2 protein chains.
Amino acid sequence: MKRENRIYAEEIKKLLIEKGISPSYQRIRIFDFLTTNRIHPSAEMLYLQLIGEMPTLSRTTVYSTLNLFADKGMLKRIFIEGTLVRFDIDTSDHMHFKCTKCGEVFDIFKSAKKLLPKTEHKVINEEVYLYGICKNCK
Amino acid sequence: MKRENRIYAEEIKKLLIEKGISPSYQRIRIFDFLTTNRIHPSAEMLYLQLIGEMPTLSRTTVYSTLNLFADKGMLKRIFIEGTLVRFDIDTSDHMHFKCTKCGEVFDIFKSAKKLLPKTEHKVINEEVYLYGICKNCK
DNA sequence: TACAAGGTTGTAATTATTACAAAATGCAAA
DNA sequence: TTTGCATTTTGTAATAATTACAACCTTGTA
Ligand SMILES: [Mn+2]
Ligand SMILES: [Mn+2]
Ligand SMILES: [Zn+2]
Ligand SMILES: [Zn+2]
(Lines give C-alpha, C1' and ligand atoms only; values in the text may rest on other atoms or scores of the structure.)
(Ligands and ions follow the chains in the order given, each with its own letter.)
Protein backbone atom coordinates (compact mmCIF):
# COMPACT_ATOMS: atom_id res chain seq x y z
CA MET A 1 0.00 0.00 0.00
CA LYS A 2 2.71 2.40 0.97
CA ARG A 3 4.77 1.39 -2.07
CA GLU A 4 1.74 1.67 -4.33
CA ASN A 5 1.06 5.12 -2.99
CA ARG A 6 4.60 6.22 -3.66
CA ILE A 7 4.44 5.00 -7.22
CA TYR A 8 1.08 6.66 -7.63
CA ALA A 9 2.45 9.92 -6.29
CA GLU A 10 5.15 9.76 -8.98
CA GLU A 11 2.49 9.44 -11.65
CA ILE A 12 0.62 12.44 -10.30
CA LYS A 13 3.86 14.38 -10.19
CA LYS A 14 4.48 13.62 -13.85
CA LEU A 15 0.97 14.62 -14.79
CA LEU A 16 1.17 17.95 -12.95
CA ILE A 17 4.48 18.79 -14.60
CA GLU A 18 2.95 18.02 -17.99
CA LYS A 19 0.26 20.56 -17.22
CA GLY A 20 2.85 23.14 -16.24
CA ILE A 21 2.07 22.94 -12.53
CA SER A 22 4.89 22.49 -10.08
CA PRO A 23 4.12 19.35 -8.10
CA SER A 24 4.11 20.47 -4.50
CA TYR A 25 3.23 18.03 -1.73
CA GLN A 26 -0.11 19.73 -1.13
CA ARG A 27 -1.08 19.67 -4.79
CA ILE A 28 -0.19 16.00 -5.11
CA ARG A 29 -2.23 15.10 -2.04
CA ILE A 30 -5.23 17.09 -3.24
CA PHE A 31 -5.06 15.53 -6.68
CA ASP A 32 -4.64 12.10 -5.11
CA PHE A 33 -7.74 12.63 -3.00
CA LEU A 34 -9.77 13.66 -6.02
CA THR A 35 -8.82 10.60 -8.05
CA THR A 36 -9.17 8.17 -5.17
CA ASN A 37 -12.44 9.50 -3.73
CA ARG A 38 -14.86 10.27 -6.50
CA ILE A 39 -17.26 12.20 -4.33
CA HIS A 40 -17.33 15.56 -6.11
CA PRO A 41 -16.11 17.35 -2.98
CA SER A 42 -16.36 21.02 -2.18
CA ALA A 43 -13.26 22.87 -1.01
CA GLU A 44 -14.44 22.53 2.57
CA MET A 45 -15.13 18.78 2.27
CA LEU A 46 -11.66 18.25 0.88
CA TYR A 47 -10.08 20.39 3.57
CA LEU A 48 -11.83 18.47 6.36
CA GLN A 49 -10.70 15.14 4.91
CA LEU A 50 -7.06 16.13 4.50
CA ILE A 51 -6.51 18.20 7.63
CA GLY A 52 -6.36 14.99 9.68
CA GLU A 53 -3.23 13.81 7.89
CA MET A 54 -1.85 17.24 7.00
CA PRO A 55 -2.22 19.34 10.12
CA THR A 56 -0.70 22.50 8.65
CA LEU A 57 -2.85 22.52 5.53
CA SER A 58 -4.75 25.74 5.07
CA ARG A 59 -8.10 26.33 3.45
CA THR A 60 -6.52 28.92 1.18
CA THR A 61 -4.25 26.26 -0.32
CA VAL A 62 -7.22 24.01 -0.97
CA TYR A 63 -9.19 26.77 -2.65
CA SER A 64 -6.27 28.01 -4.74
CA THR A 65 -5.23 24.52 -5.78
CA LEU A 66 -8.74 23.58 -6.83
CA ASN A 67 -9.07 26.79 -8.80
CA LEU A 68 -5.67 26.22 -10.39
CA PHE A 69 -6.62 22.69 -11.45
CA ALA A 70 -9.99 23.88 -12.74
CA ASP A 71 -8.44 26.73 -14.72
CA LYS A 72 -6.00 24.26 -16.30
CA GLY A 73 -8.93 22.10 -17.36
CA MET A 74 -8.07 19.27 -14.98
CA LEU A 75 -11.25 19.72 -12.94
CA LYS A 76 -14.81 20.74 -13.64
CA ARG A 77 -16.76 22.98 -11.31
CA ILE A 78 -20.22 21.67 -10.59
CA PHE A 79 -23.09 23.57 -9.02
CA ILE A 80 -25.50 20.86 -7.98
CA GLU A 81 -25.77 22.41 -4.51
CA GLY A 82 -27.13 25.65 -5.83
CA THR A 83 -24.71 28.05 -4.28
CA LEU A 84 -21.62 26.09 -3.27
CA VAL A 85 -19.00 24.85 -5.70
CA ARG A 86 -18.12 21.17 -5.91
CA PHE A 87 -15.32 19.76 -8.06
CA ASP A 88 -15.23 16.84 -10.44
CA ILE A 89 -12.02 15.17 -11.58
CA ASP A 90 -13.95 13.67 -14.47
CA THR A 91 -14.16 16.42 -17.06
CA SER A 92 -15.95 14.30 -19.64
CA ASP A 93 -19.53 15.13 -20.60
CA HIS A 94 -21.84 13.59 -18.06
CA MET A 95 -24.77 14.45 -15.82
CA HIS A 96 -25.16 14.50 -12.06
CA PHE A 97 -27.82 13.22 -9.71
CA LYS A 98 -28.13 14.38 -6.14
CA CYS A 99 -30.13 12.44 -3.58
CA THR A 100 -32.19 14.88 -1.55
CA LYS A 101 -32.33 12.36 1.29
CA CYS A 102 -28.71 11.27 1.86
CA GLY A 103 -27.07 14.11 -0.03
CA GLU A 104 -24.83 11.87 -2.13
CA VAL A 105 -23.95 12.97 -5.65
CA PHE A 106 -23.91 10.31 -8.36
CA ASP A 107 -22.56 10.38 -11.89
CA ILE A 108 -24.83 9.56 -14.78
CA PHE A 109 -22.60 8.62 -17.64
CA LYS A 110 -24.73 9.64 -20.54
CA SER A 111 -23.71 12.56 -22.67
CA ALA A 112 -26.35 15.23 -22.42
CA LYS A 113 -25.00 16.74 -25.62
CA LYS A 114 -26.85 14.37 -27.90
CA LEU A 115 -30.09 14.45 -25.99
CA LEU A 116 -30.57 18.17 -25.73
CA PRO A 117 -32.31 20.24 -28.38
CA LYS A 118 -30.78 22.57 -30.91
CA THR A 119 -31.38 26.25 -30.26
CA GLU A 120 -30.93 29.54 -32.05
CA HIS A 121 -28.04 30.26 -29.66
CA LYS A 122 -24.57 28.78 -29.89
CA VAL A 123 -24.32 26.33 -27.01
CA ILE A 124 -20.78 25.75 -25.79
CA ASN A 125 -21.34 24.15 -22.45
CA GLU A 126 -24.12 22.14 -20.86
CA GLU A 127 -24.88 21.18 -17.31
CA VAL A 128 -27.58 18.77 -16.25
CA TYR A 129 -28.51 18.30 -12.63
CA LEU A 130 -31.05 15.73 -11.49
CA TYR A 131 -32.54 15.56 -8.01
CA GLY A 132 -34.52 12.86 -6.24
CA ILE A 133 -34.15 9.69 -4.19
CA CYS A 134 -31.15 7.50 -4.88
CA LYS A 135 -31.16 3.74 -5.36
CA ASN A 136 -29.85 3.26 -1.81
CA CYS A 137 -32.45 5.45 -0.11
CA LYS A 138 -35.59 4.23 -1.82
CA MET B 1 -51.77 52.38 -18.63
CA LYS B 2 -52.48 53.56 -15.12
CA ARG B 3 -55.93 52.01 -15.23
CA GLU B 4 -54.59 48.75 -16.64
CA ASN B 5 -52.06 48.61 -13.86
CA ARG B 6 -54.73 49.03 -11.23
CA ILE B 7 -56.81 46.25 -12.69
CA TYR B 8 -53.72 44.08 -12.96
CA ALA B 9 -52.89 44.73 -9.31
CA GLU B 10 -56.35 43.46 -8.39
CA GLU B 11 -55.66 40.23 -10.23
CA ILE B 12 -52.38 39.75 -8.41
CA LYS B 13 -54.12 40.48 -5.13
CA LYS B 14 -56.66 37.75 -5.85
CA LEU B 15 -53.94 35.30 -6.80
CA LEU B 16 -51.93 35.94 -3.65
CA ILE B 17 -54.99 35.47 -1.46
CA GLU B 18 -55.72 32.18 -3.20
CA LYS B 19 -52.23 31.04 -2.24
CA GLY B 20 -52.80 32.08 1.37
CA ILE B 21 -50.50 35.09 1.17
CA SER B 22 -51.71 38.43 2.42
CA PRO B 23 -51.39 40.85 -0.48
CA SER B 24 -49.22 43.64 0.83
CA TYR B 25 -48.17 46.49 -1.42
CA GLN B 26 -44.57 45.23 -1.55
CA ARG B 27 -45.58 41.69 -2.45
CA ILE B 28 -47.87 42.89 -5.21
CA ARG B 29 -45.16 45.08 -6.68
CA ILE B 30 -42.58 42.29 -6.56
CA PHE B 31 -44.98 39.83 -8.17
CA ASP B 32 -45.89 42.44 -10.77
CA PHE B 33 -42.25 42.95 -11.63
CA LEU B 34 -41.69 39.23 -12.03
CA THR B 35 -44.61 38.78 -14.42
CA THR B 36 -43.91 41.93 -16.41
CA ASN B 37 -40.14 41.54 -16.73
CA ARG B 38 -39.27 37.98 -17.53
CA ILE B 39 -35.59 38.36 -16.83
CA HIS B 40 -35.07 35.74 -14.11
CA PRO B 41 -33.85 38.38 -11.67
CA SER B 42 -31.82 37.83 -8.55
CA ALA B 43 -32.96 39.44 -5.31
CA GLU B 44 -30.46 42.23 -5.82
CA MET B 45 -31.52 42.88 -9.44
CA LEU B 46 -35.13 43.13 -8.32
CA TYR B 47 -34.24 45.40 -5.43
CA LEU B 48 -32.29 47.78 -7.65
CA GLN B 49 -35.18 47.97 -10.13
CA LEU B 50 -37.84 48.66 -7.53
CA ILE B 51 -35.97 50.95 -5.14
CA GLY B 52 -36.37 53.82 -7.65
CA GLU B 53 -40.15 53.78 -7.31
CA MET B 54 -40.32 52.45 -3.74
CA PRO B 55 -37.72 54.38 -1.79
CA THR B 56 -38.40 52.67 1.53
CA LEU B 57 -38.17 49.13 0.19
CA SER B 58 -35.63 47.00 1.99
CA ARG B 59 -33.54 44.16 0.68
CA THR B 60 -34.85 41.96 3.46
CA THR B 61 -38.38 42.33 2.13
CA VAL B 62 -37.25 41.36 -1.34
CA TYR B 63 -35.42 38.28 -0.09
CA SER B 64 -38.22 37.18 2.22
CA THR B 65 -40.90 37.74 -0.39
CA LEU B 66 -39.01 35.80 -3.04
CA ASN B 67 -38.43 32.96 -0.61
CA LEU B 68 -42.08 33.03 0.42
CA PHE B 69 -43.23 32.85 -3.20
CA ALA B 70 -40.74 30.08 -3.96
CA ASP B 71 -41.78 28.05 -0.93
CA LYS B 72 -45.42 28.36 -2.01
CA GLY B 73 -44.47 27.01 -5.43
CA MET B 74 -45.12 30.29 -7.23
CA LEU B 75 -41.48 30.74 -8.21
CA LYS B 76 -38.61 28.48 -9.13
CA ARG B 77 -35.10 29.09 -7.92
CA ILE B 78 -32.54 28.83 -10.70
CA PHE B 79 -28.80 28.51 -10.25
CA ILE B 80 -27.44 29.34 -13.67
CA GLU B 81 -24.97 31.82 -12.14
CA GLY B 82 -23.20 29.25 -10.05
CA THR B 83 -23.07 31.35 -6.92
CA LEU B 84 -26.17 33.55 -6.89
CA VAL B 85 -29.85 32.62 -6.89
CA ARG B 86 -32.14 33.87 -9.63
CA PHE B 87 -35.92 33.47 -9.69
CA ASP B 88 -38.28 32.34 -12.41
CA ILE B 89 -42.01 33.07 -12.38
CA ASP B 90 -42.46 30.29 -14.92
CA THR B 91 -42.47 27.08 -12.89
CA SER B 92 -43.13 24.83 -15.86
CA ASP B 93 -40.44 22.39 -17.03
CA HIS B 94 -38.03 24.22 -19.24
CA MET B 95 -34.31 24.80 -19.71
CA HIS B 96 -32.18 27.90 -19.46
CA PHE B 97 -29.46 29.33 -21.63
CA LYS B 98 -27.03 31.97 -20.41
CA CYS B 99 -24.97 34.05 -22.80
CA THR B 100 -21.43 34.26 -21.50
CA LYS B 101 -20.92 37.47 -23.47
CA CYS B 102 -23.90 39.70 -22.57
CA GLY B 103 -25.02 37.77 -19.50
CA GLU B 104 -28.65 37.50 -20.56
CA VAL B 105 -30.62 34.42 -19.54
CA PHE B 106 -33.00 32.92 -22.11
CA ASP B 107 -35.73 30.34 -21.73
CA ILE B 108 -35.65 27.24 -23.86
CA PHE B 109 -39.15 25.88 -23.89
CA LYS B 110 -38.52 22.23 -24.37
CA SER B 111 -39.26 19.85 -21.56
CA ALA B 112 -36.04 18.24 -20.46
CA LYS B 113 -38.07 15.47 -18.85
CA LYS B 114 -38.67 13.57 -22.06
CA LEU B 115 -35.15 13.95 -23.38
CA LEU B 116 -33.22 12.80 -20.37
CA PRO B 117 -32.37 9.17 -19.69
CA LYS B 118 -33.91 6.81 -17.18
CA THR B 119 -31.70 5.98 -14.22
CA GLU B 120 -31.67 3.56 -11.32
CA HIS B 121 -32.51 6.51 -9.05
CA LYS B 122 -35.90 8.12 -8.69
CA VAL B 123 -35.63 11.48 -10.40
CA ILE B 124 -38.04 14.10 -9.07
CA ASN B 125 -36.55 17.28 -10.35
CA GLU B 126 -34.37 18.25 -13.27
CA GLU B 127 -32.39 21.33 -14.09
CA VAL B 128 -30.67 22.00 -17.39
CA TYR B 129 -28.36 24.93 -17.87
CA LEU B 130 -26.80 25.78 -21.21
CA TYR B 131 -24.01 28.30 -21.73
CA GLY B 132 -22.65 29.92 -24.85
CA ILE B 133 -23.17 32.86 -27.22
CA CYS B 134 -26.70 34.10 -27.70
CA LYS B 135 -28.37 34.86 -31.02
CA ASN B 136 -27.87 38.60 -30.45
CA CYS B 137 -24.17 38.39 -29.64
CA LYS B 138 -23.00 36.11 -32.42
C1' DT C 1 -59.58 53.89 20.58
C1' DA C 2 -56.89 49.89 21.84
C1' DC C 3 -55.05 45.55 20.84
C1' DA C 4 -53.05 41.69 18.41
C1' DA C 5 -51.23 39.61 14.36
C1' DG C 6 -48.60 39.95 10.70
C1' DG C 7 -45.44 42.68 7.56
C1' DT C 8 -41.49 45.73 6.81
C1' DT C 9 -37.25 47.64 7.86
C1' DG C 10 -32.27 48.14 9.16
C1' DT C 11 -28.58 46.04 11.17
C1' DA C 12 -25.93 42.20 12.61
C1' DA C 13 -24.52 37.51 11.75
C1' DT C 14 -23.34 33.73 8.73
C1' DT C 15 -21.35 31.22 4.84
C1' DA C 16 -18.53 30.52 0.95
C1' DT C 17 -15.02 32.50 -1.30
C1' DT C 18 -11.20 35.67 -2.65
C1' DA C 19 -7.42 39.11 -1.60
C1' DC C 20 -3.28 39.91 0.37
C1' DA C 21 1.05 39.99 2.72
C1' DA C 22 4.26 37.50 5.56
C1' DA C 23 6.62 33.15 6.22
C1' DA C 24 8.33 28.87 4.37
C1' DT C 25 10.18 26.14 0.72
C1' DG C 26 12.80 24.67 -3.32
C1' DC C 27 16.26 25.32 -6.51
C1' DA C 28 20.10 27.13 -8.96
C1' DA C 29 24.19 30.19 -9.21
C1' DA C 30 28.19 31.68 -6.75
C1' DT D 1 27.66 24.84 1.39
C1' DT D 2 25.65 29.25 1.37
C1' DT D 3 23.02 33.00 -0.88
C1' DG D 4 19.36 34.80 -3.38
C1' DC D 5 15.12 34.50 -5.97
C1' DA D 6 10.91 32.70 -7.42
C1' DT D 7 7.17 30.10 -6.10
C1' DT D 8 4.06 28.16 -2.75
C1' DT D 9 1.80 28.02 1.52
C1' DT D 10 -0.32 29.98 5.34
C1' DG D 11 -3.30 32.94 8.27
C1' DT D 12 -6.00 36.73 8.45
C1' DA D 13 -8.78 40.24 6.52
C1' DA D 14 -12.10 41.53 3.05
C1' DT D 15 -16.08 40.63 0.10
C1' DA D 16 -20.57 38.98 -1.59
C1' DA D 17 -24.90 36.78 -1.06
C1' DT D 18 -28.00 35.49 2.11
C1' DT D 19 -30.34 34.81 6.60
C1' DA D 20 -31.45 36.02 11.54
C1' DC D 21 -33.41 39.06 14.44
C1' DA D 22 -35.59 42.67 16.93
C1' DA D 23 -37.83 47.12 16.65
C1' DC D 24 -41.10 49.58 14.25
C1' DC D 25 -45.42 50.01 11.22
C1' DT D 26 -49.94 48.68 9.40
C1' DT D 27 -54.22 46.67 9.25
C1' DG D 28 -58.27 44.67 10.78
C1' DT D 29 -61.24 43.95 14.62
C1' DA D 30 -63.37 44.27 19.15
MN1 LIG E 1 -19.13 13.62 -12.10
MN1 LIG F 1 -37.27 30.42 -17.26
ZN1 LIG G 1 -29.75 8.65 -1.04
ZN1 LIG H 1 -25.48 37.61 -25.64
Side-chain angles (χ1 to χ4, degrees), chain A residues 9-10 12-13 16-17 19-33 40-72 74-88 103 105, chain B residues 9 12-13 16-17 19-33 40-72 74-87 103 105:
Chain A
E10 288 305 317
I12 294 175
K13 205 176 268 191
L16 292 179
I17 290 167
K19 295 280 179 180
I21 296 171
S22 97
S24 72
Y25 178 65
Q26 287 84 343
R27 287 168 178 170
I28 291 170
R29 291 297 303 271
I30 289 171
F31 194 90
D32 180 17
F33 185 91
H40 309 84
S42 66
E44 182 69 14
M45 290 161 75
L46 221 159
Y47 172 77
L48 291 175
Q49 291 292 317
L50 291 180
I51 191 67
E53 300 177 10
M54 303 169 69
T56 68
L57 182 66
S58 88
R59 278 189 178 82
T60 301
T61 300
V62 176
Y63 274 102
S64 73
T65 300
L66 291 171
N67 283 330
L68 176 67
F69 288 171
D71 294 346
K72 292 277 184 182
M74 301 165 69
L75 289 183
K76 223 178 190 173
R77 293 182 176 90
I78 67 177
F79 300 96
I80 197 160
E81 297 285 346
T83 153
L84 128 136
V85 185
R86 297 180 67 153
F87 293 87
D88 195 344
V105 173
Chain B
I12 295 175
K13 204 175 268 191
L16 292 179
I17 290 167
K19 295 280 180 180
I21 296 171
S22 98
S24 72
Y25 178 66
Q26 288 83 342
R27 287 169 178 169
I28 291 170
R29 291 297 302 270
I30 289 171
F31 194 92
D32 181 17
F33 184 91
H40 309 85
S42 67
E44 182 69 13
M45 289 162 75
L46 221 159
Y47 172 77
L48 291 176
Q49 291 293 317
L50 291 180
I51 191 65
E53 300 177 11
M54 304 169 69
T56 68
L57 182 67
S58 88
R59 279 188 177 81
T60 301
T61 300
V62 177
Y63 275 101
S64 73
T65 300
L66 290 171
N67 283 331
L68 176 68
F69 289 171
D71 295 345
K72 292 277 183 183
M74 301 164 69
L75 287 182
K76 225 178 188 173
R77 293 181 177 90
I78 67 176
F79 301 97
I80 199 162
E81 297 286 345
T83 150
L84 119 145
V85 185
R86 298 180 68 155
F87 294 87
V105 173

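Predicted, not measured: the structure shown is a model, and the values here were computed from it. For the numbers below, each heavy atom of this structure counts, side chains included, while hydrogens, waters and symmetry mates do not. Below, chains carry the letters A, B, ... as their sequence lines are ordered, and counting in each starts from 1.
A salt bridge is absent between A:Asp32 and A:Lys13: the closest approach of a Lys/Arg side-chain nitrogen to an acidic carboxylate oxygen does not fall below 4.0 angstrom.
Atoms OH (A:Tyr47) and P (C:dT18) sit 17 Å apart, rounded to a whole Å. For A:Met45 and C:dT17, the CE to C1' distance is 17 Å, given to the nearest whole Å. Remark: P of D:dA16 and CG of B:Leu48 are 14 Å apart, rounded to the nearest angstrom. Put simply, CD1 on B:Ile51 is 12 Å from C1' on C:dG10, counting in whole angstrom units. When the C1' atom of D:dT26 is taken as reference, atom OH of B:Tyr25 falls 15 Å away, rounded to whole Å. Here the C1' atom of nucleotide D:dA17 and the CZ atom of A:Phe79 are 15 Å apart, to the nearest Å. The nearest whole Å value for the distance from the CG atom in A:Leu16 to the P atom in D:dT7 is 17 Å. Whole-Å rounding puts the B:Ile17 CD1 to C:dG7 C1' distance at 15 Å.
Judged by distance alone, the side chain of B:Thr65 and the main-chain N or O of B:Val62 form no donor-acceptor pair under 3.5 Å. In this structure, the side chain of A:Arg27 engages the main chain of A:Ser22 through a donor-acceptor pair within 3.5 Å. With hydrogens and angles ignored, the 3.5 Å screen pairs a side-chain donor or acceptor of B:Arg86 with a backbone N or O of B:His40.
Proximity note for A:Leu84 (side chain, C-beta onward) versus C:dT17, D:dT8, C:dG7: the nearest is C:dT17. Picking from D:dT10, D:dA17, C:dT8 the nucleotide with the shortest atom distance to the side chain of B:Thr83 gives D:dA17. Among the nucleotides D:dT8, C:dT9, C:dC20, the one closest to the side chain of A:Ser22 is D:dT8. Closest to the side chain of B:Tyr63, out of D:dA17, C:dT8, D:dG11, is D:dA17. When distances run from any side-chain atom of B:Ser58 to the nucleotides C:dG10, D:dT10, C:dG7, the shortest one goes to C:dG10. The side chain of A:Thr61 lies closest to D:dT10, out of D:dA20, D:dT10, C:dT8. Nearest nucleotide to the side chain of B:Arg27, out of D:dT8, D:dT10, C:dG7: C:dG7. Taking every side-chain heavy atom of A:Ser24 into account, D:dT9 is the closest of D:dT9, D:dT12, D:dA20. Of all nucleotides listed (D:dT8, D:dT10, C:dT8), C:dT8 comes nearest to the side chain of B:Gln26.
Residue B:Arg59 is out of contact with every strand shown, counting any heavy-atom pair closer than 4.0 Å. Residue contacts for B:Ser64: at a heavy-atom cut-off of 4.0 Å it reaches no nucleic acid atom on any strand shown.
Atom CZ in B:Phe87 sits 9.0 Å away from atom CG in B:Leu46 (nearest 0.5 Å). Interatomic distance, OG of A:Ser24 versus CG of A:Leu16, reported as 8.0 Å (0.5 Å rounding).
Contact between the side-chain N/O atoms of B:Ser42 and the OP1/OP2 oxygens of D:dA17 is not found at any separation under 4.0 Å.
Judged by distance alone with a 3.5 Å cut-off, a donor-acceptor contact links the side chain of A:Thr60 to the base of D:dT12.
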Only Watson-Crick and G-U wobble pairs with both distances less than 3.5 Å should count. Give DNA chain D in dot-bracket notation, marking inter-strand partners with |. ||||||||||||||||||||||||||||||
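Taking the ring pair (Phe, Tyr, Trp, His ring centres under 6.0 Å) definition, one finds that B:Tyr63 meets it with nothing, sequence neighbours left out.
By the 4.5 Å heavy-atom criterion applied to side chains, B:Leu68 and B:Ile21 are counted as neighbours.
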